[in-house]
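Before any comments, here is the structure.
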Amino acid sequence: MPEKPGSYQYYDAEGTIIYVGKAKNLKARVSSYFHSEVDRFKTKVLVSKIHDISYTVVNTEEDALLLENALIKKYNPRYNVLLKDGKTYPSICVTKEYLPRIFSTRTINKKWGTYFGPYSHVGAMHALLDLIKKLYHPRTCRFPITKEGIELGKHQVCLEYHIKNCAGPCVGKQSYEDYQKNILQAREILKGNTREVLRAMKVEMMRLAEELRFEEAEEVKRRYLLIDQFVAKSEVVSHTIDNVDVLSITNDEKVAFINYIHVSNGQINQSFTFEYKKKLDETDAELLQLGIVEMRERFHSKAKEIILPQEINLDLEGVTITVPQRGDKKTLLDLSLMNGKQYKFDRLKQAEKLNPEQKSVRLMKELQDLLHLPKLPYQIECFDNSNISGSDAVAACVVFKKMKPSKADYRKYNIKTVVGPDDYASMKEVVYRRYKRLLEEEQPLPDLIVADGGKGQMEVIRQAVQDELNLDIPIAGLAKNDRHRTNELLYGFPARVIGMKTESELFRVLTHLQDEVHRFAITFHRDKRSKHALHSELDDIKGIGPKAKETLLKAFKSVKRIKEADIEALEEVIGKSKASLVYQYFH
């Protein structure tokens, strides 16, 4: 193969293009796929399917990029990055008519006129159209107005003229030259060249004032102030930055989001986020190269400077690539990155609304990566004790499946072997009983155990699970700070703090698990304590149920009187057999 820039195409056994690439040096780039040390699994899969190779030589690397982009769009190869365009964004059209119109449209046909956009922020586009309407009053009617028609008086003014939204060029009330001058200035504003328009207006205003044409000068001043206010609202960076493109990248395993911002005369007049579906674990640098080509083609950008978050190996003729560290350009880069992250977040939320399972899998994957777990934590279990000075000691186990409570799997435990308030011993007993039973019944074991507490609770759970039952189940802990608020996730032995933002979605799920086990344990403890407080001696008589107990108390009013009653009195109330049980118990 030649050692020249160009594009290469890989074909499978059926003759279908499965991958398109570009290179500064075709020979070096293509041969790199067939080296034995290629370590990316997906690349190995691609190479195993290559049956034939073709290539196209071009003059420059920029041409190679453009050719690669065109071929990817044409053939949509299986292993290439896929650009996902969710919808068509509107543009502003300036028609090629004798008296041009200016309007928004989603249909692009270059025979009709010149297009500006697309505008990803529709509100900004309408603000621009409103400004042009207030400044220049372009016609809104759709009549095919011609020079001959105006001269022959074929047209009549409409309501727009009477309410002063149009100057009536169709009947000659506004000269053709004046109308075209307005359209020319409107085009400059659409291009983002507002400062030049303002300079020209100021010169014209001063000239009219010198000629004592004050009414006309006042009209120019009104327009000048409208544009000036518009610029003040839209300008976010130094006006010294002109004709610059900014790109940033935000990505995850499968999708990359590239945000593009164009700055002209110190103001942002274009912002757009591309979504790329990754196929071969492409690097950020490779994806940014694709993004640059796409935006230069789509937005007809001729910017001489491109601001990027990192250096990339790309040589574009007459274009400087800047990686800023501070100043206005760094502010622009941060703004682009913020837009990309917001777009990613919005897409994620949108996908999770359509598919709730996706959110659960994302959170499980996040926890797995954080703790380096061997598998996804599908089933998580958490334990808690509850007692007052050792009385009515109970414990509870709460189960979360797919990051959501599985209430059918919750379990309550009465503490059997521990006397007095010993939380560690109680925890050890319950954990041992729980997993011994699961083993005996051959039930699925959890993927992660979360201790409601710090290192001490984690250690007693480890003793029960690993030392006594020989089970290998990961154990984490949720520790509290001095104010009794959960603020740390612990993992491993010896336990170490896992760096995690307390306001993150995953941390909220873990604290929900903790709150749920507290609630379940305390509710069980209260129920047991209430029953204990309301216990009656009649509850200890075998064969006497709640109904017989209620009947006896209704008739005799107290247990003391039931004790003193003879057998005949008892038989009258609850019958012979039950009366005999009660009488024998007390005597």
Under a 4.5 Å cut-off applied to non-hydrogen side-chain atoms, are [X] and [Y] in contact?
X	Y	answer
Met403	Ile380	yes
Leu489	Leu370	yes
Leu129	Ser104	yes
Ile150	Leu99	yes
Thr140	Asn165	no
Val30	Ile53	yes
Leu208	Phe214	no
Pro77	Leu71	no

Starting at [atom1] of [X], measure out to [atom2] of [Y] and round the result to the nearest 0.5 Å.
X	Y	atom1	atom2	answer
Lys44	Lys49	NZ	NZ	15.0 Å
Tyr55	Ser7	OH	OG	12.5 Å
Glu160	Cys166	CD	SG	7.5 Å
Ile261	Ser248	CD1	OG	7.0 Å
Arg362	Leu506	CZ	CG	9.0 Å
Ile321	Leu308	CD1	CG	5.5 Å

(message) Less than 4.0 angstrom from a charged side-chain N to a carboxylate O is my criterion; do Lys134 and Asp130 meet it?
(response) no
(message) Whether Arg508 and Glu505 form a salt bridge (side-chain N of Lys/Arg under 4.0 Å from carboxylate O of Asp/Glu) is what I want to check.
(response) no
(message) Within the 3.5 Å criterion, strictly below it, is a donor on Tyr33 or Tyr8 matched to an acceptor on the partner's side chain?
(response) yes
(message) Any donor-acceptor pair under 3.5 Å linking the side-chain atoms of Asp245 with those of His262?
(response) yes
(request) Check side chain to side chain donor-acceptor pair (under 3.5 Å) between Asn259 and all other residues, then give those that pass, not counting sequence neighbours. (result) Thr273, Ser336
(request) Please list, chain by chain and in numerical order, all residues satisfying side chain to side chain donor-acceptor pair (under 3.5 Å) with Tyr11, sequence neighbours excluded. (result) Ser54
Under 3.5 Å, side chain of [X] to main-chain N/O of [Y], donor-acceptor pair present?
X	Y	answer
Thr322	Pro324	no
Tyr75	Val20	no
Lys221	Met205	no
Thr95	Arg101	yes
Ser360	Lys402	yes
Gln289	Glu286	no

(request) Check step by step if side chain to side chain contact (heavy atoms under 4.5 Å, CB included) holds for Lys22 and Arg29. (result) CA-CA 8 Å; Lys22 55 94 188 59; Arg29 183 75 187 97; over 6 Å; no
(request) Under the salt bridge (Lys or Arg N to Asp or Glu O under 4.0 Å) rule, what do Asp334 and Lys330 come out as? Steps first, then yes or no, please. (result) CA-CA 6 Å; Asp334 292 342; Lys330 181 68 167 68; 2.8 Å; yes
Please check if the number of heavy atoms outside [X] that lie under 6.0 Å from its [atom1] is greater than 12.
X	atom1	answer
Arg213	CZ	yes
Glu215	CD	no
Lys4	NZ	no
Phe103	CZ	yes

(request) Could I get the full list of ring-ring contact (aromatic ring centres under 6.0 Å, His included) partners for His512, not counting sequence neighbours? (result) Phe400
Least distance between heavy atoms, [X] atom then [Y] atom:
X	Y	result
Glu294	Phe274	CG-CE2, 3.6 Å
Pro138	Ile132	CD-O, 3.8 Å
Cys93	Thr105	CB-CG2, 4.0 Å
Ile258	Leu287	CD1-O, 3.2 Å

(message) Between Val255 and Phe257, does the side chain to side chain contact (heavy atoms under 4.5 Å, CB included) criterion hold? Intermediate values first, please.
(response) CA-CA 7 Å; Val255 184; Phe257 301 95; 3.6 Å; yes
(request) Decide side chain to side chain contact (heavy atoms under 4.5 Å, CB included) for Leu290 and Ile72; before the verdict, give the C-alpha distance in whole Å, the side-chain angles of both, and the deciding distance to 0.1 Å. (result) CA-CA 11 Å; Leu290 282 170; Ile72 289 172; 4.3 Å; yes
(request) Any pair with a residue in residues 143-159 that passes side chain to side chain donor-acceptor pair (under 3.5 Å), sequence neighbours left out, goes on the list, sorted by first then second residue, please. (result) none
(message) Run Lys279 and Asn80 through side chain to side chain contact (heavy atoms under 4.5 Å, CB included) and show every step you take.
(response) CA-CA 6 Å; Lys279 300 287 182 71; Asn80 274 103; 5.7 Å; no
(message) Under the rule for side-chain contact (heavy atoms from CB on, under 4.5 Å), what residues qualify as partners of Asp12, not counting sequence neighbours?
(response) Glu14, Thr16, Ile18
(request) Evaluate the criterion salt bridge (Lys or Arg N to Asp or Glu O under 4.0 Å) for residue pair Glu210 and Arg207; output intermediate values, then yes/no. (result) CA-CA 5 Å; Glu210 282 172 12; Arg207 181 181 60 80; over 6 Å; no
Under 3.5 Å donor-acceptor pairs involving side-chain atoms of residues 170-185, not counting sequence neighbours:
from   : atom 1 : to     : atom 2 : distance (Å)
Gln174 : NE2    : Asp178 : OD2    : 3.1
Ser175 : OG     : Asp178 : N      : 3.1
Tyr176 : OH     : Gln180 : NE2    : 3.2
Tyr179 : OH     : Pro100 : O      : 2.6
Tyr179 : OH     : Arg139 : N      : 3.1
Gln180 : NE2    : Tyr98  : O      : 3.0
Lys181 : NZ     : Glu204 : OE2    : 3.0
Asn182 : OD1    : Arg223 : NH1    : 3.3
Gln185 : OE1    : Tyr136 : OH     : 2.9

(request) Give the C-alpha distance, both sets of side-chain angles, the deciding distance and a yes or no for salt bridge (Lys or Arg N to Asp or Glu O under 4.0 Å) between Glu305 and Lys329. (result) CA-CA 11 Å; Glu305 183 179 7; Lys329 290 180 181 179; 2.8 Å; yes
